[in-house]
Each structure stands twice: as C-alpha cells, then as structure tokens.
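Here's the structure, in structure tokens; my notes come after.
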Amino acid sequence: MFEAEQKIIESAILDYCTDKDLPIVETKWAWIPFNGQWGISTSFFQLAARSFGQTRGNVPQRANEIALEVAGRLSGIEGFEKIEAVNGYLNVYFFTADYSRRVIRQVLEESEKYGHGQRLNQRLMVEFSHPNTHKAFHVGHLRSAFLGDVVARILDAAGYDVIRANYPGDIGLHVIKWLWNYLKFHKGEKPDKDITRWMGAIYAEAVKRLDQEPAYEEEIREIYARWDRRDPEVVQCWEETRQWSLDGFNEMYNLLDIRFDRYYFNSMFEKPGKEIVSELLEKGIAEDEGESGGAVIVKIDEKLELEEEKYRVMVVLRSDGTALYATEDLALARQKFLDYPDLVKSYYVVDVRQSLHFQQVFKTLELLGYEWAPRCQHLPYELVNLPGNVVMASREGTVVLLEDLIREATARALAVVKEKNRELAEENQLEIAKAVGIGAIKFPMLSRESNKVVTFDWESALDFNGQAAPYIQYAYVRANSILRKAQNVIPAELAADYELTKQEITLIDLIARMPEEIQKAARDLKTLIITNQAYELARAFNDFYTQCPVLGVEEPQRSTRIRLVAAARQAIANSLAILGITAPQAM
RNA sequence: GCCCCAGUGGCUCAAUGGAUAGAGCGAGGCACUCCUAACGCCUAGACUGGGGGUUCGAUUCCCUCCUGGGGCACCA
C-alpha cells in the first residue's frame with residue numbers, strides 16, 4: 001500500500017550508497033514493532049557487514065552510523081512525519097491522519113474486494129477432498145476439504161483463476177464389499193436421511209461379516225468378477241448407490257460452504273491409465289516382469305541414474321494386469337492438462353503419507369516427456385488423529401463422524417445464542433448457531449501449519465473461547481452493531497484532524513497489511529497466515545471497541561471512527577470469507 | 001537400512017535470518033449503572049530437545065545425536 005513512499009526512501013538510500021562508494025544491498029522493509037506510531041523500517045546490518053569487505057569490524061556500530069547518515073539526508077524530504085535512526089534501523093513514520101484516511105478510503109471503495117490482488121489471468125487447479133463413496137465421511141477427511149477449499153479461496157483472492165477439482169474414490173475393493181453386502185442382505189433398501197452415515201454403516205457391516213465368516217471372500221471375488229465384465233445388475237446397483245453417496249457428500253459440502261467446479265472419478269481412469277502404462281513400456285521406461293510373475297514397474301532412480309535411492313520403484317500395473325491407484329493417477333494428471341492446457345499449477349491436497357507416491361507419479365510423467373509434469377505439485381498435510389495417537393479409520397471403527405461433530409457443535413452454539421439473544425426469532429438463532437458451530441470446526445484445522453498433526457478431542461473441538469472462529473465472528477458482530485445504531489450511514493471523509501489513539505493506529509495498521517498478507521498466503525500456500533491476520537484484526541478491533549467510544553463522541557472523531565468501524569468490519573468480513581467462515585449478523 | 005516431518009511456558013500453537021521469542025487455554029487476581037461479558041485488564045510461567053557450526057546477528061540455515069510420528073514393489 002505504500003510502494004510510492006518506499007521507492008522514495010529506497011532511491012535515497014541508493015544515492016547514499018553511490019556517493020559513499022558502498023555496495024548495493026536490496027532494501028527490505030518491515031513493519032516497525034508497535035510503539036504508538038505508525039511506519040515502516042529497514043536495517044543496515046547487511047550493508048554494514050558488506051562495507052567492511054574482508055576486514056572485520058563492529059557491524060552494529062557501523063550500521064547505526066549508516067542509519068544516522070541516511071536519516072540525516074532524508075530529513076529534508078517531505079511527506080513523512082518523522083524519520084529516525086535506532087540501533088542500526090531506519091524507521092520511517094507516516095503522517096497518521098493522512099495515511100489512515102487513505103487506508104479507510106481504499107477499504108470502503110473496494111469493499112468485498114479489499115485485500116484482493118489484480119487478476120493475473122493465470123489458471124491453476126486445486127484438487128482436494130477426494131472422498132470414498134460407499135464409506136462414511138469422518139473428521140479425518142475434513143482436513144483436505146478445508147485446506148483445499150481455503151487454499152483455493154486464497155489463490156483466487158490473490159488473483160488466480162482457480163479450478164476446484166474433486167476426485168472421489170468411487171470404485172475399488174471397498175465398493176465391491178459394499179455392493180456384496182447390499183445385494184446379499186439389504187437389497188431394495190434406500191436411505192431416507194443421514195445418507196452418508198447409512199452408507200458407512202453398510203460398509204462397516206460388510207467388513208464385520210467378512211471378518212467373522214472368511215468363506216464370504218469367495219462371494220466378494222464373484223462380485224468383483226461380475227463388475228469386471230460389466231454385469232448389468234452390478235453396474236446398475238453401483239451407479240445408483242454411488243449417486244446416494246454423492247448426494248450425501250453434496251449435502252455436507254453445502255453445509256460446509258465448499259463447492260467444486262469439476263469432478264474426476266476414480267472409475268474413469270482405469271482404461272486411460274493402462275494406455276499410459278503401454279506407452280511407458282513402448283518407450284522402455286517401464287519394465288514388464290510378468291514372465292517371472294511380477295508386475296509392471298518403473299525403476300525411476302535407475303532411469304534417472306541416481307546414486308542414492310530417492311524415487312525408488314513404482315508399480316504401475318499389478319501382476320494380474322489390473323490397474324491400481326498409481327495407474328489411475330498417471331491418467332488423472334494427464335487428463336487435467338488435456339482439459340486445461342494452460343494450467344500454471346496443478347495442486348493435489350492429499351495427506352503426507354502419499355508424498356513418495358506423488359513424487360513417483362510426477363517424475364514418471366516427466367520421464368515420459370510431458371512438459372507439464374513439473375507443474376504438478378503435492379500439497380501434503382498431516383493427519384487428524386484421536387488421543388493416544390489413534391488413526392481415524394473407518395474399518396477400525398475409530399472415527400468421529402462429521403455429522404455428529406456438526407450436530408454437537410451447532411447444538412452447543414445454539415444454547416449460547418438462545419441465552420444471549422432471547423428475543424431473536426428461532427430461525428435466526430439457528431442460522432447463527434450454524435455459522436458459529438461450523439466456523440469453530442474449521443478454524444483449528446486452518447490455523448496451524450499443515451505439517452502438524454491435529455489431535456481431535458471433543459473438548460477442544462467444541463471450545464469456542466480464545467483463539468477460535470467465534471472470537472473473530474464476535475468482533476464482526478460488534479462492529480456491525482455499532483454501524484446499525486448509526487443507521488448504517490457511513491459519513492463522508494472529513495478533512496479535519498484529531499489525534500488518533502494507539503488502538504486506532506494499530507487497527508488501521510493491521511487493515512493496511514491485508515493485501516500483503518493475502519499475497520504471502522498465496523505464495524506460501526498457507527491458510528494459517530490468513531487465520532493469524534483475521535485473529536489479530538479481531539483482537540485489535542476488540543481493543544478499539546473497549547477503549548474508543550464511537551457514537552457518543554464529538555465530531556470529527558465520531559465520523560472518522562464510524563468510517564474506521566466500517567473499514568474494520570469490511571476487513572474482518574473479507575478475512576472470514578477467505579477462510580470460508582460465515583460472518584453472522586448478530587451473536 | 002534409507003527417506004520425509006515434528007520437537008518453543010503445565011497444555012495447544014505463532015514468530016519474511018533481525019529490535020525485549022508472541023498469543024490462547026489452564027492457574028492466581030481485577031473488572032458488568034458506559035455502542036452485547038462469546039469482551040477487557042493485571043500477575044506468574046521459556047537456557048526455543050542436546051551438542052557443534054555458518055553469520056555482525058539463528059526459533060529460523062548447515063552437520064550430528066536424542067525423542068516422537070510417517071513412508072519405502074503390486075493398499076489407497
């Protein structure tokens with residue numbers, strides 16, 4: 001937001017270096033640690049160190065000398081309130097009244113687009129969620145869904161055109177087991193409500209029956225064979241029940257405010273995958289060990305002539321000639337670029353256990369000569385475990401179902417809403433409870449580094465206090481309430497000045513940083529940068545709220561503060577929107 | 001055996017190689033005639049896993065060790 005000001009100082013530093021015959025060092029800007037005033041800073045340690053060349057010297061002292069000299073030169077420049085040299089740093093302070101007006105004006109003008117970057121006209125794809133049909137949807141599956149959704153939102157906000165892709169696992173042994181159990185014991189049954197739970201129960205029952213009666217394995221193989229030769233009854237049953245799962249997922253995606261532009265189904269890639277395997281064999285990249293009873297494999301390290309093992313060996317076709325996950329992933333990657341040849345990036349939001357697998361897939365495609373292969377990138381994330389390092393697995397029964405979590409979180413939120421807003425219509429109370437409950441579920445998974453394991457426990461998942469979504473939503477609601485009492489009229493900008501309090505400066509400062517934070521989040525693909533920003537913003541607003549009365553003060557403070565509240569509300573709303581968290585109108 | 005990730009107050013997490021390592025929860029104390037207390041204020045609590053190294057400067061980069069988690073040929 002302050003590029004022009006930065007350039008002025010940068011060129012002054014450049015002039016100084018030229019005059020003094022000092023090496024040229026890139027000027028890096030940072031925000032001044034808060035001290036009641038508002039500005040940016042840069043340091044001269046690097047320049048000082050370089051100025052000594054080979055000889056040793058006192059760097060901090062030299063840096064401070066440089067800072068003092070530069071500050072001296074800049075003293076004549078207009079447009080800054082104060083320029084000072086401290087401990088080797090050059091601190092440049094803005095005229096707070098001018099800059100705060102500029103920031104607030106910009107937020108109010110750009111409204112829901114504030115903080116967003118220029119459109120880049122670059123397309124990329126984010127594949128995420130990829131749930132298995134015919135299975136339950138549990139809390140462990142949420143991380144990919146939330147992470148992928150918010151990464152897509154961040155990239156969109158940063159200026160990219162994002163395609164949101166889903167890749168459901170709609171076929172495989174788990175589906176066959178399900179079909180077997182259904183055809184044998186539940187034929188004709190249909191789920192009426194809680195579709196996903198019901199689908200999961202049929203699967204769990206199938207697994208249990210098989211454990212108890214191993215002889216059923218034969219019947220499973222029979223179903224698999226019928227599926228392979230596209231037996232009409234099996235195919236029709238598969239199609240119908242698959243749709244039930246997809247309907248159930250859509251219900252949940254709607255509830256969670258997650259949408260997709262494009263569905264790729266696992267079942268679509270068996271054939272194309274085998275075609276790629278043929279291509280690999282033709283080009284001598286893959287080896288068929290079928291004669292010795294083996295599979296079709298790619299010895300990636302050997303092909304790359306690597307000394308140490310890195311990509312190891314990838315099986316691309318089973319020894320019985322059937323496709324496996326890797327086979328299909330090769331075809332899927334290609335299909336994405338056939339559909340969208342201009343993708344600058346193809347992201348896969350998949351858990352960390354598949355890191356090697358994706359490295360293998362992408363490297364194999366590179367060996368095949370696909371120029372887009374390096375544009376594929378795996379975005380790994382760590383698992384959601386249960387206390388005691390128990391992995392969530394539907395076949396182990398160690399799961400927390402998403403439906404249960406949402407139900408419980410919403411119920412708790414509703415209890416609080418009813419307590420706080422007795423006069424509100426029940427319909428509105430439910431709406432708020434949903435926003436708060438679901439926001440509370442999303443936030444913890446977005447606010448930590450994706451390479452950190454999340455341990456799910458009911459107590460902390462349902463704790464709405466502290467660093468959590470409700471805190472941010474509450475700040476939004478407070479701002480909203482003030483504006484409502486001001487009849488939702490945003491006063492025009494006033495020329496008159498008044499001394500800003502430190503709460504106001506901090507708040508404006510954080511609002512001003514938003515565009516940079518969004519770009520940073522997009523560059524690093526980190527949702528946590530946005531949750532941090534949103535939380536800081538909310539905290540700064542709460543601080544302002546308790547310290548700075550708005551409606552009861554005289555002009556020009558009153559108008560200026562109303563404008564600031566409107567800008568803060570907008571900034572918080574935009575942060576929440578990027579996080580896919582609903583901002584309720586009341587709480 | 002090889003590879004990847006994590007290790008920061010009691011607990012859960014932050015911190016573009018830079019100024020005094022920040023929050024939340026929990027603990028103790030304070031605070032409700034004032035735009036909603038799902039709020040705020042104060043206090044205590046950290047040799048950033050150990051040891052080396054690079055650097056003017058390391059939680060951050062490199063090496064090594066320890067602990068925990070994960071991955072390594074036909075599961076997905």
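Per chain, numbering begins at 1; letters A, B, ... match sequence-line order.
- In this structure, Val296(A) reaches neither bases nor backbone, as no heavy-atom distance under 4.0 Å exists between it and the strands shown.
- Closest to the side chain of Asn389(A), from the set C56(B), G69(B), C39(B), is G69(B).
- Base engagement by Val417(A) is indicated by at least one non-hydrogen atom pair under 4.0 Å involving a base atom.
- Nearest heavy atoms, Ala583(A) versus Leu576(A): CB-CD1, 3.9 Å.
- Between U8(B) and U59(B), the distance separating the two C1' atoms is 7 Å to the nearest Å.
- In this structure, Phe464(A) atom CZ and C39(B) atom C1' are separated by 17 Å, rounded to whole Å.
- Under 4.0 Å is where a charged nitrogen must lie from a carboxylate oxygen, and between Lys434(A) and Glu431(A) no such pair does.
- Close to C75(B), at under 4.0 Å from its OP1 or OP2, lies a side-chain N or O of Arg318(A).
- With both pairing distances under 3.5 Å, U16(B) is matched to nothing as a Watson-Crick or G-U wobble pair.
- Of the charged side-chain nitrogens involved, at least one lies within less than 4.0 Å of a carboxylate oxygen, so that Arg353(A) and Asp351(A) count as a salt-bridged pair.
- A salt bridge links Asp509(A) to Arg513(A): one of the charged nitrogens lies within less than 4.0 Å of a carboxylate oxygen.
- Checked by distance alone, Thr546(A) brings no side-chain donor or acceptor within 3.5 Å of a matching partner on the base of C39(B).
- A 3.5 Å limit on both hydrogen-bonding distances identifies C25(B) as the Watson-Crick or G-U partner of G10(B).
- Atom-to-atom, NZ of Lys28(A) to C1' of U60(B) comes out at 13 Å; the value is rounded to the nearest Å.
- Atom-to-atom, CG of Leu306(A) to P of C72(B) comes out at 19 Å; the value is rounded to the nearest Å.
- Both distances falling under 3.5 Å, in either a Watson-Crick or a G-U wobble arrangement, occur for no nucleotide opposite A31(B).
- Put simply, CG on Leu330(A) is 15 Å from C1' on A76(B), counting in whole angstrom units.
- Put simply, CD on Gln360(A) is 10 Å from C1' on G71(B), counting in whole angstrom units.
- In this structure, of C2(B), A19(B), C74(B), it is C74(B) that holds the atom nearest to the side chain of Val315(A).
- Gly88(A) comes within contact range of no nucleotide atom at all, as no heavy-atom separation falls under 4.0 Å.
- Note on Glu449(A): only backbone sugar-phosphate atoms sit closer than 4.0 angstrom, heavy atoms only; bases stay farther off.
- At the heavy-atom level, Ser355(A) lies nowhere under 4.0 Å from the strands shown.
- Only the P atoms considered, A27(B) is 15 Å distant from C39(B), to the nearest whole Å.
- Among the heavy atoms of the strands, none lies under 4.0 Å from Val352(A).
- Across the strands present, G1(B) finds its partner in C72(B); the criterion is a Watson-Crick or G-U wobble pair with both atom distances under 3.5 angstrom.
- For Gln354(A), whose side chain is taken as the heavy atoms from C-beta onward, the closest listed nucleotide among A19(B), C3(B), A76(B) is A76(B).
- At a threshold of 4.0 Å, the pair Lys526(A)-Glu449(A) counts as salt-bridged, since one of the basic side-chain nitrogens sits closer than that to a carboxylate oxygen.
- Nearest-nucleotide assignment on RNA chain B puts the 5′-proximal partner with Gln547(A), out of Ala326(A) and Gln547(A).
- In this structure, the nucleotide among C35(B), A23(B), A14(B) sitting nearest to the side chain of Tyr535(A) is A23(B).
- Rounded to a whole Å, the CG atom of Asn465(A) is 11 Å from the C1' atom of A37(B).
- Going from the P atom of U67(B) to that of C74(B) covers 29 Å, rounded to whole Å.
- Between Asn451(A) and A6(B) there is a side-chain N or O to OP1 or OP2 distance below 4.0 Å.
- The C1' atoms of U64(B) and G57(B) are separated by 23 Å, rounded to the nearest whole Å.
- Within the 4.0 angstrom heavy-atom criterion, base atoms lie near Arg312(A).
- Within the 4.0 angstrom heavy-atom criterion, base atoms lie near Val477(A).
- Closest to the side chain of Leu528(A), from the set A15(B), C56(B), C35(B), is A15(B).
- Distances from the side chain of Leu356(A) to the nucleotides C72(B), U16(B), A73(B) place C72(B) closest.
- The aromatic rings of Phe358(A) and His378(A) are tilted relative to each other, their planes meeting at an angle between 30° and 60°.
- Of the candidate nucleotides A23(B), C74(B), A76(B), A76(B) has the atom nearest to the side chain of His357(A).
- Put simply, the side chain of Leu90(A) reaches to within 4.5 Å of the side chain of Phe44(A), judged on heavy atoms.
- Base contact: Leu551(A) has a heavy atom under 4.0 Å from a base atom.
- Between A21(B) and G45(B), the two P atoms lie 14 Å apart (nearest whole Å).
- Among the nucleotides U16(B), G24(B), A19(B), the one closest to the side chain of Val86(A) is A19(B).
- Between Glu382(A) atom CD and U12(B) atom C1' the separation is 16 Å, expressed in whole Å.
- Results of the side-chain contact (heavy atoms from CB on, under 4.5 Å) test with Ile300(A) over Leu306(A), Leu367(A), Val313(A) single out Leu367(A) as the only residue that passes.
- Gln46(A) comes within 4.0 angstrom of a nucleotide base, judged by non-hydrogen atoms across all strands.
- Listed nucleotides: G1(B), U16(B), A23(B). Nearest to the side chain of Ala30(A): U16(B).
- Between Tyr476(A) and C39(B), a side-chain N or O to OP1/OP2 separation shorter than 4.0 Å is absent.
- In this structure, Lys452(A) reaches the A14(B) phosphate: one of its side-chain N or O atoms is under 4.0 Å from OP1 or OP2.
- Comparing Leu90(A) and Leu383(A) against RNA chain B, the residue whose closest nucleotide sits nearer the 5' end is Leu90(A).
- Within the 4.0 angstrom heavy-atom criterion, base atoms lie near Ser41(A).
- Tyr311(A) has its side chain out of reach of Thr364(A): every pair of non-hydrogen atoms, C-beta onward, lies at least 4.5 Å apart.
- Comparing C13(B), A76(B), C56(B) by their nearest atom to the side chain of Arg448(A) picks out C13(B).
- Asp329(A) has its CG atom 15 Å from the P atom of C75(B), to the nearest Å.
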